[in-house]
Structures are given as structure tokens and as C-alpha cells.
Amino acid sequence: MLSQKTVDPTFQYTASNPSHVIDQQSKNHNMASNNIDGGDDIQTKDLEGISEGLLDKAEHITIPTIQDGAKSPAARNKRQKNVAVLTSGGDSAGMNAAVRAVVRQSIARGCQAYIIREGWEGLVRGNTSEPTPAPTPRRTPSASATQSPSLQPLSSNKNVSFSSLPPSKQMELEKATHALNTQADEDFEKNRVNFTDPSGVAPLSNAPLSFGFGELLKDGAGEGDVEEMAAHGLQGMVIADEEDEKGRSLKGRYIVRVGWDDVRGWLGEGGTLIGSSRCPSFREREGRLQAAHNLIKYGIDCLAVCGGDGSLTGADKLRGEWPSLMDELLATEKIDAEQRETFRHLNIVGLVGSIDNDMSMTDLTIGAPTALHRICESIDSIASTASSHSRAFVIEVMGRHCGWLALLAGVAMGADFIFIPESPPETDDWETEMCNLLQSHRKVGKRKSIVIVAEGALDRNLKPIKPDYVKDILVDRLGLDTRVTTLGHTQRGGRPCAFDRILPTLQGVQAVQALLEATPDTPSYMIGIQENKITKVPLLEAVAQTQAVAKAIENQDFAKAMTYRDSEFREMLQAFQISSSLAVDEEAPKEKRLRVGIIHVGAPAGGMNAATRQAVRFCHNRGHTPVAIYNGFEGLLDDNVAELSWLRVDTWTTRGGSELGTNRTLPSADLGNIAAGFQRHALDALLVIGGFEAFHSVMILEQNRSNYPSFQIPMVHLPATISNNVPMTDFSLGSDTSLNALVDACDAIRQSASASRNRVFVVETQGGMSGYLATMGALAVGAVLVYTPEDGISLKLLQEDVEFLTKRYSLDAKGKSEGRLVIKSEKSSTIYTTEVLTKIFKEEGKELFDARSASLGHTMQGGTPSPMDRTRAARLSLRCMQFLEKHATPNAQSSHRSGPKGVHHKRTYSTETATMIAIRGSKIVYATMDEVLKHTDMKLRRGKDEWWSDIKRLAEIMGGRQGLVSS
């Protein structure tokens, strides 16, 4: 058990030359032991891992092997890695999740973790005050509270020179020092983690759980600079949180070592808790030289930077100059030759934090999904008042060189017109182009008009397009009652959405692995995402391509600017243009026009209506007829079928559930009458939107084509289910909406659990036989345990989990226990139900913790669909309709009946025309029913190869279970 004996000054970290003891402390931390059971026979160690007996022998003595940094080459080669993370540039929701992931994954990989406050500015400043927490009381082996380490500055009046000691004392001290180093080497090797093995997890007992600064960081305690405030006549004001109850302060501290618990509760916080600022001094070599010196002081050679293209460019520049900076520091005697050799390489990795989503070579940046949430929430509120008064609203959103926010908000909200930098209006007279479009919408009966303007919007002559000017045009030319709303910094704020917790966590974990695998020959990498695949791309290449977009716009080469955007961006723009246009010049020839059936099958899910709206708008844009089949296949049997108009679906993008109505009835209920219904309504193609039942329905129709020629039409399944259990696709519509509903509920539940200090909540989710929601939800809310149908629940597993919770709560500081969440999928076990689990935890928790349960039920289906589900629905629906248009034949139901002179003939058809659209890794594919069936467990109603199966272990690593079990 860790004792709280004050570490002797000779072993202390000193502000004057901290690098002398970094490596030894690194090994010593691995010796720290959190022995829960205690016992008199245990040799207790202080928080730096040094046994008390050895401390007594070495008391008040300066030991040359430590203070002089005389380490062997072998010791240098196995030196513990020190990983630091900073946030720079503009803040964005999700940065805290990224910092949390980097810190915890670093500790899990056996590294020391540091945060750098205030971005590059903090790294240049370094620590100007003693980097020492306040003294903490001694802890006995049976104590339940994990205290922060007690690191004291050197006390000159107690130090004794080694050379001044008598020979006998020198020999005694050398023996003690040798024993210390030998023990440290043995324990280091015992607990050492193979840095290149991503599956390894270091015991949490290797280092203190907290260094005492977590609450100060979370509470926003900054400098508390009394002198500066006094200079401004504010000396009478209280300096909030200048020090905590133990005397700890962040004043003058910018490079802070953190432990596992120092970042708890950060997932749901917006912005960046470690601060971000612009740093002009870092642009100069002198500033970068000071930054390099500060990194060496703290033994940091792995740096994760979360920021925009400017911040990441600075990071790579620092790495490129690193050898010359080391030479200069050595020449000026700020570092010695050994330090120059030890820290000869700097490893850098970039995480992109930007609400604009303006970085090339990645589909999403950290913060962009949440910003889109804020925009859609605002426009949802504006839309109702706009419709009430038949007004027009011009809404300005962020995006200087990237129109992603404006574009996706336009798609998600069903806006009438958008202005984005990459794709200005087609004509120089854009005012007339816009007015004609809005007027055509008004003529068909639309009551409101929404125009979205990106802040960097330009016309083709590079003249800025401003909201007030757009308003004047609408008032003067159309006579519309028009208002302007600038959303501003509301887009940056608020709690991160589910995806802005999951994505930064996955990327943060990958960032640490990239740092640990880096070699001098590998480039600095940027961690990105492509569709559903976390990617690692050369940082400079991504930055160069990002800057090329702005250059192309400046050169009025807008076509080239669009080529730098990903396929999603281009398809979203096409989807928006199709959904907002009423022009007849894009219609297909009359002889090629189709009647397309649209049907919902299975349980309702967010995004179903948005997909239907896009399909209907595509049909009207191309001259096809959209045929709505209400209430699933039961509705077809009842002839509950009608055509949908352009205006009818206008507001459907924001509506949850299913406007067409849906149920689980399969076509096998009455294949003959289903086939007759296809003929009766002359369907040339069929779009089926739904979950596992929808896939099963398309499979049944395809398998019966030979018996029922009416089914010999192209049909495509668009997956939509909150369970995300459709095989072969990584995402289904509705799953993101459901995850956000889970996050909202769990945030509220955690608040209750944390207020009670020592309460565990077992939260039951929907999901059927798929554990997707439980697993991804656990990662998003920071749950410590998760139970899924795939892994089930056993008595042995329960016993281990109870022991984990008991150990974890015993390590919490007294009175500061954390409310913890356990996520359980509804069908994880028929025996160990949510109620049974709760009773077990409550009984075994005794005085340490209490337990409660909460079942989320049908609230998981969500209300208003999330922006991600709306935009994904529009994109995939557009792809589906393009597929149907390509393969369909007009008048398909009549062509198979008879040929010339009444001669019957058999039509040919291909299995390639009955497919499911799927997101697979980094691609969107069309999978035939045979292909899907190979990946399907029909009995359990889920896929055989679930991409997220490893996320469960990651969630438990981030929650601390894996590390504590390793202990």
C-alpha cells in the first residue's frame, strides 16, 4: 500500500534542474503499489516508489548516481516514455475527451502523462513556480483514499555533500543506492509494458491515481495573479480557486503531470479545460528553443497536439528543428551531452480540433459534429417562428474557408438556399438566382424561407456575401418579412454530442499508439477518420492540402477547391441542390420516368423521414413519381398507398419516428397479394427503409422473383434501426440519435450518482441481441463496466466486476468518490437481469458504495433526429435513388405480362439489382442479398463480424477496469 511519507529532498524533483531525476522517477513510479488488502508484512513504499527503509538510510544525502544523472545505456534504452498533450488554436467540443483519452491511454501503456496548459504559450513559459503539490498526510496500508504525491523543494540547510561523509558512511550509502537501483530495475522490468503492443495494459498501481490538479483544472482555476489584479485596482476582489483546500495552485504552472483520476468527469465538458491561446512567441525560433528546453526538463519526447492547421504546422516545425535546437541548447550548456543523446528525437502527432471541419484528408474534425448540433438546435427554434409569421430568416454560421457547417445545416434543416466558399452561386447575378428559387418555393405553398450563409461566403468574383445584404435583397425584391440571425460563438459551446466523445477517444488512443511506434524516419502523423475508419496520414500533407483549398478559392478555381473536399462533402452538396430545386430542366425524358415505391419496415428510427424526404425530392427533380406505402407491407395489402408531393415532405427532415408508419410484418405473410399490390400500383422500383426486418423483406422478395415476376424490379434496402444490428454495415440510420438520447440520459443519471458520491447506476439500454448501443454508449459516457449479448454475463465475470468496483471505490479519496455507471444491454442475460445486477452490487458494496438502476426503454428511439442521422439519411437516400434509376425499367409491371401478339415471355433479372447500401470501413458499397446473408446470424438477428466488438475492451480500459484487474 502506498504510504504518505514525505519524500526525502535528495530524491525530489527540483525546479532548478528537474531533468536530473526524471528517468529514475519514471522507474520508481512503476514500483508504487496499491495493495488493497494491506498487511503488516508488506514493505510500504512512498508515492515515488522508494521503500521507507532505503529512504531512512539515504536521508538528507545527495546521491551522485541520481542527482548527477549517471545512468547506464541500458537504463536509457528502457526509459519510461513521457507523453504530453496540449490544445491550441480555437477551442472545440470534444477536446477534453481527446485529452482524457491521451492521458489515460498513456498511463495504460505504461507512460507518464502530462498536460500543457494554454497551448504553445504554456509550453514556451514552462513552470515559473515550484511544481509541487502541498504535503499530504501519511497513509496506512488500509487507508481507502489515494492521496496525491508529496513532492517538496530542496531544503539547502539539510543537504549534506556526499564527498564530506566519512568513508564508512559513503560505502553504506553506495550499497543502499545500489539496492535501490537494482530493485527499481527489477520492478520496472516486471511491470514494463511493450510500448508497441496496443493490447498491453499497465497496472493502475504503477503510478499515483492523482497528482491533485484535476479538480483545479476542471474548475477553471487559472493563474490567480494577485499582483496583476492589484495593478488594475482589483486588489479587493477574491481570487477564485487560487489554491485548493490542500494549498495546491496552478499559479505559474503550465506543464503539469496528471494521473488517472485527474481527468475524470471530462468527457461531458465543452471547450478545453487545459486552456488554449494564440502564441506569437512560438512563431519565432527563440520561442521554440524555450519550448524544446521545457520539454527536456520534464523528460517529454512524445507530444500530442490538438488544434487546427496552424497549430499542427507549428508542431511539425518544432519537430523539424529539433536536432538543431538540441545542438543550440547543448552549446549554451542548458542541457548536457547525455540529455542531448537521450532526447535526440521528438515524436509528434496531431489531432484536429476545429468546428469548421476544414482539415483535408479527414471526414470529420473534433468539435464539428457538436457545432452542427448547436446550429440545428438554433434553426429548429427559428423555423417554427418563421413558419408562424411566414417570414424569411438569413442565418450566418461559422466557416471561413470551409462551408461544411453551412452545407450540412442546410441539408439537415431543409434550407432553401446556402452560400459556401467552395461553391459560390453559378451566376454573377446570384441575387436573381436566389430570388427565383425562393419564389418558386413560395408558389407551391411553402410558408417559411431559410437562407444559410457561411461567414467566408463569396461570389464568383470573390466579393464577400454578407447576411445583411442578403436580407435587403429578399425584402426589396420579394417583399418578404426578413430577419438576420448570427449564431456566433454559440456554435462552439455546450456539451459535446455523442460522436464528439467517441471520435476524440478513438483518435486519442490511436494518437498515443502512433507516438509510441514512431521512429526518426516516420513523418509526423495526423489522426483522422474516413467514413468509419480511423486513419493516420502525414500531417504536412494534410495541412498542405487544407491550405490549397484557400489558395484555390483565392484563385477563383472553385472546381479545384471542391476536389480537395471528401466525397461526403460533394455528395451532400448534390443532395442539397436536388432537394431544394424545382427546376424542370433536370427531369428525365418521359419514356424513362419511373414509379418508385417507398416503404418503412421494422421499428421506427431517427432519420427514416429524412431519407424519405430526400427520395421524394429526387423523384420530383427527375420527373419520377414517388409512391408512399403506408404502414409497411400490411398497408400494401390494405391498399394504403398514395403519391407524395414536393411540399408534403418539406418538414420531414426534423421529424422523428416514421411518418409513413412502420411495423414488423414481412412480405412472406401473403406473397401473392404483395405481388398483386406491386402490379396494381405499377411499381418500377422499391426503396425499403428499416432495420433487420427490412433486410429480411428484401431477401424474401429477391428469393421469390422466379415465382412472382412482379418482384423482378430493382430494390434497395437502406438500413435504419437504433440497434445498428443490420449485418455488413457499420452504421444504420437512427443509431446516432439513439446514442445521443443515451448520452443525455446518462449525463443526468451521472449527476445524481456523483452527488451521492458513492453510487453505482446500472443503466439498461435497448438494442435487442446487438450490444452496439451499450458498447458505444459506455465509451461515450465513461462507464466503467458494460454488458452485451455478444459476451453475456457469467458468475465469474460478476465476481470480478464486484471486486473491481470494491477496489476502485476503496481507492477514492474519502468524501470524493465518483458516481459510476454500468451500461447493460437489455438482452445481455435472461438470468442476471438489471434488477439482479443492481441487488448484487448493492449487497457487495456494503459501506463502500450503493447501487440503483435505470431502464431507458423507448426513450432510446429519441425525439428529433440528430443532425448526423439527418445528413447521413440524405446522402445514402440519394445514392439509393441513383442506384434504382440506373437499374429500373419504366412500366416494369406491364412489360412481363405479354409480348407482341400476346406471346408471354420471361424477363431476365440479376441478383445485383436487389441490394443493401452499406458503410464498410472507408467505403460505401452495395451488397447483394447473398453477400449480406453470408455475414448474418439469422437466429440472433445480427452480423457475424461486428466492427465495434473491440470497443467494449477499450471502454473498460478507459473506465479503469482493465488496469485495476492488471494490478
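- Inter-residue side-chain proximity for I553 and V549 is flagged as met; some heavy-atom pair is nearer than 4.5 Å.
- The side-chain heavy atoms of L372 and P867, taken from C-beta on, include a pair separated by under 4.5 Å.
- In this structure, the side chain of S277 engages the main chain of E118 through a donor-acceptor pair within 3.5 Å.
- Remark: E568 CD to D566 CG distance equals 5.5 Å, nearest 0.5 Å.
- When atom types are taken as modelled, the side chain of S579 and the backbone of A575 share a donor-acceptor pair closer than 3.5 angstrom.
- In this structure, T653 contributes its side chain and A412 its backbone to a donor-acceptor pair below 3.5 Å.
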Going through the checks in order, is the side-chain contact (heavy atoms from CB on, under 4.5 Å) test met by F576 and T871?
CA-CA 10 Å; F576 175 79; T871 53; over 6 Å; no
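- Side-chain contact between V543 and D316: absent, with no pair of heavy atoms (C-beta onward) separated by less than 4.5 Å.
- Looking only at side-chain heavy atoms (C-beta outward), S423 and L573 come within less than 4.5 Å of each other.
- Other residues, nucleotides and ligands place no more than 12 heavy atoms under 6.0 Å from the CD atom of E284.
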So Q614 and L876, side-chain contact (heavy atoms from CB on, under 4.5 Å) or not? Walk me through it.
CA-CA 9 Å; Q614 184 66 42; L876 295 179; over 6 Å; no
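- Rounding to the nearest 0.5 Å gives a distance of 5.0 Å between CG of L506 and CD1 of I534.
- At distances below 3.5 Å, at least one donor-acceptor pair connects side-chain atoms of D500 with backbone N or O atoms of G367.
- A donor-acceptor contact closer than 3.5 angstrom links the side chains of H441 and D416.
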Kindly determine whether K448 and R391 satisfy side-chain contact (heavy atoms from CB on, under 4.5 Å), including the steps that lead there.
CA-CA 5 Å; K448 67 177 185 291; R391 283 180 176 146; over 6 Å; no
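- R400 contributes no side-chain N or O that, together with a main-chain N or O of E455, makes up a donor-acceptor pair within less than 3.5 Å.
- Between S281 and V124 the shortest heavy-atom distance is OG-CG1, 3.9 Å.
- One finds a salt bridge joining D380 and R870 here, because a Lys/Arg side-chain nitrogen approaches an Asp/Glu carboxylate oxygen to under 4.0 Å.
- Electrostatic pairing of D650 and R617 counts as a salt bridge here, judged by a charged N lying under 4.0 Å from a carboxylate O.
- Of the N and O atoms on the side chains of S276 and D91, not one donor lies less than 3.5 Å from an acceptor on the other residue.
- Judged by distance alone, with hydrogens and angles left aside, the side-chain atoms of S390 form no donor-acceptor pair with the main-chain N or O of S387 at under 3.5 Å.
- Pairing each heavy atom of G403 with each of F569, the nearest pair is C-CE1, 4.1 Å.
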Between R495 and R501, is a side-chain contact (heavy atoms from CB on, under 4.5 Å) present by the stated rule, with each step listed?
CA-CA 10 Å; R495 296 183 305 110; R501 304 181 190 204; 3.1 Å; yes
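- Put simply, the side chain of I300 does not reach to within 4.5 Å of the side chain of V83, judged on heavy atoms.
- For the residue pair R117/Y254, the side-chain donor-acceptor check at 3.5 Å is not satisfied.
- A distance of 8.0 Å separates OG in S92 from CD1 in I355, rounded to the nearest 0.5 Å.
- For the 3.5 Å distance criterion, the side chains of R477 and T432 qualify, holding a donor opposite an acceptor.
- Inspection of the E431 and Y469 side chains reveals an N or O donor paired with an N or O acceptor under 3.5 Å.
- A donor atom on one side chain and an acceptor atom on the other are found under 3.5 Å apart for R442 and S449.
- Taking CG of L295 as the reference point, atom CG of L318 lies at 6.5 Å (rounded to 0.5 Å).
- Smallest separation of non-hydrogen atoms from G656 and P865: N-CD, 3.6 Å.
- Remark: side-chain polar atoms of Q530 are not paired, donor with acceptor, to backbone N or O of T535 under 3.5 angstrom.
- If you check the side chains of D736 and S866, you find a donor sitting under 3.5 Å from an acceptor.
- Relative to the six-membered ring of F393, R483 misses at least one condition, a distance below 6.0 Å or an angle of at most 45° to the axis.
- Here the side chain of T486 pairs no donor or acceptor atom with the backbone of E396 at under 3.5 angstrom.
- Of the N and O atoms on the side chains of R374 and T370, not one donor lies less than 3.5 Å from an acceptor on the other residue.
- Residues R283 and W120 fail the side-chain proximity criterion, which asks for heavy atoms closer than 4.5 Å.
- Of all heavy-atom pairs between L325 and A292, the closest is CD1-CB, 4.0 Å.
- Closest non-hydrogen pair, G399 versus D356, comes out as N-OD1, 3.6 Å.
- Side-chain atoms of E433 and T427 include a donor-acceptor pair closer than 3.5 Å.
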Residues T651, R613; criterion side chain to side chain donor-acceptor pair (under 3.5 Å); working and verdict:
CA-CA 8 Å; T651 60; R613 177 185 184 272; over 6 Å; no
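- At a cut-off of 3.5 Å, with distance as the only test, a side-chain donor of E586 or N621 sits close to an acceptor on the other residue.
- R447 places a side-chain N or O within 3.5 Å of a backbone atom of S388 that can act as its donor or acceptor partner.
- With hydrogens and angles ignored, the 3.5 Å screen pairs a side-chain donor or acceptor of R319 with a backbone N or O of L346.
- Between T313 and Q547 the shortest side-chain heavy-atom distance falls below 4.5 Å.
- Exactly one of I420, L364, T365 qualifies for a side-chain contact (heavy atoms from CB on, under 4.5 Å) with W404. That residue is L364.
- Taking 4.5 Å as the limit, some side-chain heavy atom of V305 sits within range of a side-chain heavy atom of L312.
- With values rounded to the nearest 0.5 angstrom, C435 atom SG is found 4.0 Å from L478 atom CG.
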